[in-house]
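For reference, positions follow the sequence shown, starting with 1. As the structure is a computational prediction, the values presented were derived from the model and not from experiment.
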Amino acid sequence: MSLVHSNLPLVSIIIPVYNGSNYLRNAIESALAQTYENFEVIVINDGSKDSGRSAAIAKEFAGRIRYFEKPNGGVASALNLGSRKCEDPTFPG
């Protein structure tokens with residue numbers, strides 16, 4: 001998570017995950033590798049049933065992403081939670 005306080009608008013990247021441990025690390029690393037300087041990465045675990053693998057991967061990035069867990073409700077509800085957690089004041093949440 002960059003959150004460089006600059007004149008650039010904050011961009012929020014929301015990554016919903018459900019049993020996505022095979023892809024989550026790449027998704028987070030890709031988001032963190034952006035060249036834009038003022039961004040936040042929010043990962044929403046939508047009730048994964050993968051023995052904690054998705055959670056463990058996300059927690060490896062503690063301090064660089066924001067991570068939240070919720071009961072499974074589908075990708076739309078995960079994205080809605082992500083939008084409510086955004087620090088971007090222009091993001092509809």
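For the atom pair Ser12 OG and Lys85 NZ, the distance stands at 13.5 Å (nearest 0.5 Å). Remark: Arg84 CZ to Phe68 CZ distance equals 11.0 Å, nearest 0.5 Å. Atom CD1 in Ile28 sits 11.0 Å away from atom CD1 in Ile13 (nearest 0.5 Å). Once rounded to the nearest 0.5 Å, the distance linking NZ of Lys59 with OG of Ser54 reads 11.0 Å.
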| request: Check the pair Cys86 / Ile14 against side chain to side chain contact (heavy atoms under 4.5 Å, CB included), numbers first and verdict last. | output: CA-CA 9 Å; Cys86 286; Ile14 303 170; 3.9 Å; yes
| message | One pair to check against side chain to side chain contact (heavy atoms under 4.5 Å, CB included): Leu32 and Arg64. What are the steps and the verdict? | response | CA-CA 8 Å; Leu32 291 173; Arg64 295 190 290 160; 3.9 Å; yes
| Test side chain to side chain contact (heavy atoms under 4.5 Å, CB included) applied to Ile65 and Ile42, step by step | CA-CA 6 Å; Ile65 68 166; Ile42 300 170; over 6 Å; no
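Summarising the geometry of Gly20 relative to Asp50, their closest heavy-atom pair is N-OD2, 4.2 Å, with the distance given to 0.1 Å. In terms of heavy atoms, Ser77 sits closest to Asp46 at OG-OD1, 4.1 Å.
A donor-acceptor contact shorter than 3.5 Å is absent between the side chain of Ser30 and the backbone of Ala27.
Hydrophobic clustering (side-chain heavy atoms under 4.5 Å, transitive across Ile, Leu, Val, Met, Phe, Trp, Tyr) keeps Ile15 apart from Tyr18. With hydrophobic clusters built from ILVMFWY side chains whose heavy atoms lie under 4.5 angstrom apart, Val43 does not share a cluster with Tyr23. Linking Ile, Leu, Val, Met, Phe, Trp and Tyr residues whenever their side-chain heavy atoms come within less than 4.5 Å places Phe39 and Leu8 in a single cluster.
Under 3.5 Å, the side chains of Asn45 and Ser48 contain a donor-acceptor pair of N or O atoms.
Side-chain contact between Glu40 and Leu10: present, with at least one pair of heavy atoms (C-beta onward) separated by less than 4.5 Å.
Annotation: salt bridge (charged side-chain N to carboxylate O under 4.0 Å, His left out) contacts of Arg25 (sequence neighbours excluded): Glu60.
Remark: of the listed residues Leu79, Leu81, Val75, Leu81 is the sole one forming a side chain to side chain contact (heavy atoms under 4.5 Å, CB included) with Ile44.
In the displayed structure, Lys70 atom NZ is contacted under 6.0 Å by more than 12 heavy atoms of other residues, nucleotides or ligands.
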